[in-house]
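Proteins come first, then strands; the chains are lettered A, B, ... in the order of their sequence lines, and each starts at number 1.
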Amino acid sequence: MSSSTRARFVRLGESDRVAVGFVVDGEAVSALQGDTLLTAMLQHGGHVRQSEFGGEKRAGFCLMGACQDCWVWTADGARLRACSTEVAEGMAVSTKAPELTWPNLA
Amino acid sequence: MAQPRVIIVGAGPAGVRCAEAFVAAGVRPTVIDEGRRDGGQIYRRQPVNFSRSYTTLYGTEAGRAQALHACFDQLREQIDYLPQTLVWNISEGNVHLMHQDGTPRAASLPYDILVLCTGATDRLMPMPGWEYAGTYSLGAAQIALKSQAVAVGRNIVFLGSGPLLYLVASQYIKAGAQVAAVLDTSPLVLQWRALPKLLSRPWLLFKGMALLKAIRRAGVPVLRGITPLQITGDPDNGVQGVRYRSAQGVEKSLDCDTVAMGYHLRAETQLADLARCEFSFDTASQQWLPQVDAHGRSSVAGVYLAGDGVRIRGADAAENAGRLAALAALADHGNAVVPAQVAQLCRQQLPMERFRLGLLQAFPWPAAQAASLPDHAVVCRCEGITAGELRAVVNLKGAREANRAKAFSRVGMGRCQGRYCGHAGAEVIAAAVVCPVVEVGRLRTQAPVKPLAFKIVEEPQ
């Protein structure tokens, strides 16, 4: 998230909520309870991932779980859809897909 | 007679009213929904620790939203409710599920009666630069505001056509967000011409005009009959502006950091397809839709369809359609239903259908844009496949049919599974072939209807 640290989403209310700490690409940041991961991440930067097929960064598109443009990854390699995952205390996510290593079956 | 096993997919206006009608007849349905809470997209509920009022959230529709939520809350003990659950396939009397509330778990459930109330998503026409971060669908912009109390950007251009364009722009203005402009591809004359049909629901037409007035009063420019040319920006920082041609033919540009775009809605029909329902081409909306009778019976016995997932008629019509589908299913299963109630619901749907046709006339799908998309424009946002690459498989490999062109080009094969490129892709193919879009056919649905991990195994029943 270093290239564009300015928040993309703008809060317009409901800011009187309990703070939640989480980690994006190793950096500790905060959100509010009830935020989706997408809302939380876009308070701290302009994107949530890098397109694998083009050079551009992405920040979600449909917010209803239909386009799959907001995939992020947990430390153990699990994939999360940021628009439909609620942020939780201590959650750690990566904006980059984990390197795949294929087993040698020979 | 034994109680039928009833499964309703979707907990929006159609699904909730459908469940209510089954419960009223003494049947306990299972309601499966992808959402964390009921309400669907239109009456989406905010998280429990948010405090905005119904009026703030739903405006003139506050009463309807509250009534639907209250109805569902009362039904909770009389239904089996599976939230955060995806139906990813349908086979021979079973729906296949993925519970997504935590570690994903797969299961299947048998049914005698299946009612699909799957709703709709935004309908998109690509434009150069729409892959940049900061481009959102209109529905996305509305969800951000309703369920998260955030604006999707600091300075937003609303672009496209349809009632949602004006509704979301006005909701953003009311909530205090900065709206740079509303750019409508439909010329004003079409909106005037559609008036006789739109008068079938005068109150709704009045509300639409009030929205427009509110946008104007806020000093936000509303431009009609424009042609979108480009979303400008760069790959790292995303959207920085919009270029368009005015109705007078003059090229203009606007600075913004966000574009919210959409051209009305498209029905989510994948599950109806997997249930092997017959489809036909609806000329008014230029989309392939499942066939239904006036009560919501599909071409497959035991499978019923209701709401925007069949015809985009909006929330009020969806509530009626959900009730009608339940009554049809109950009648088909040998239960007594009150004919007068069915007749009244059918009567109420008539102006809804006329209004649907009016909206399609007033805010038409801009099919012609597909033909003039530059070759470098991305059609498939998932995998960055351009209009030129799609045209090449038509022109060089003779792929004149949607599924063949998909196999060669991968447009429609990415992670959204054609939801956001399918309609536009068909128009690009039709323009390259020079044939009506109906001849391109429709993309066949493939299970799973959304991406799933390989390693998950269905639990034994």
Can you tell me how far apart CG (A/Leu63) and CG (B/Leu145) are? Round to the nearest 0.5 Å. 11.5 Å
Atom group of A/Arg58 that falls short of 4.5 Å from chain B, counting heavy atoms: both
Is any side-chain heavy atom of A/Arg8 closer than 4.5 Å to a side-chain heavy atom of B/Tyr136? yes
Of the listed residues (B/Gln84, B/Gln41, B/Gln142), which shares the most heavy-atom pairs with chain A below a 4.5 Å separation? B/Gln41
Output the option from B/Gly134, B/Ala144, B/Gly238 having the highest count of non-hydrogen pairs under 4.5 Å with chain A. B/Gly134
Answer yes or no: are there more than 12 heavy-atom neighbours, outside A/Asp76 itself, under 6.0 Å from its atom CG? yes
Between B/Arg419, B/Arg381, B/Glu268, which shows the greatest number of heavy-atom pairs under 4.5 Å with chain A? B/Arg381
Output the option from A/Thr36, A/Leu32, A/Thr85, A/Leu38 having the highest count of non-hydrogen pairs under 4.5 Å with chain B. A/Thr36
Please tell me if the side chains of A/Gln68 and B/Pro451 come closer than 4.5 Å, counting only heavy atoms from C-beta onward. yes
Which of the residues B/Ser137, B/Gly262, B/Gly384 is involved in the greatest number of heavy-atom pairs with chain A at under 4.5 angstrom? B/Ser137
Interatomic distance, A/Cys67 atom SG to B/Lys450 atom NZ [nearest 0.5 angstrom]: 9.5 Å
So, B/Arg36 side chain and A/Ser84 main chain: donor-acceptor pair closer than 3.5 Å or not? yes
A/Arg6 and B/Asn237, any side-chain heavy atoms less than 4.5 Å apart: no
State whether the side chain of A/Glu14 and the backbone N or O of B/Ser51 hold a donor-acceptor pair below 3.5 Å, judged by distance alone. yes
Non-hydrogen atoms of chain A under 4.5 Å away: do they reach the side chain of B/Ile385, the backbone, both or neither? neither
Can you name the nearest heavy-atom pair linking B/Leu452 to A/Arg79, along with the distance? N-NH2, 4.4 Å
Roughly how far apart are B/Glu131 CD and A/Phe53 CZ, rounded to 0.5 Å? 14.0 Å
Can any side-chain N or O of A/Arg11 pair as donor or acceptor with the backbone N or O of B/Gln148 at less than 3.5 Å? no
Looking at A/Gly65, A/Gly60, A/Ser51, A/Ala66, which has the largest count of heavy-atom pairs under 4.5 Å with chain B? A/Ala66
Considering only heavy atoms and a distance below 4.5 Å, find which of B/Thr121, B/Thr56, B/Thr135 pairs most often with chain A. B/Thr135
Given that the side chain runs from C-beta out, which part of B/Phe50 has a heavy atom under 4.5 Å from chain A: side chain, backbone, both or neither? both
Kindly compute the distance separating CG (A/Leu12) from NZ (B/Lys174), expressed to the nearest 0.5 Å. 13.0 Å
At a heavy-atom separation under 4.5 Å, does A/Gln50 approach chain B through its side chain, its backbone, both, or neither? neither
What part of B/Gln46 is in contact with chain A, defined as an atom under 4.5 angstrom from a non-hydrogen atom: side chain, backbone, both or neither? side chain
Check whether A/Ser15 gets within reach of chain B through its side chain, its backbone, both or neither, counting any heavy atom under 4.5 Å. neither
If you count heavy-atom pairs within less than 4.5 Å of chain A, which of B/Ala260, B/Ala151, B/Gly139, B/Pro47 leads? B/Ala151
Of the non-hydrogen atoms in A/Phe9 and B/Val150, which two are nearest, and what is the gap between them? CD2-CG2, 3.7 Å
Honestly, the part of B/Asn49 sitting under 4.5 Å from a heavy atom of chain A is both
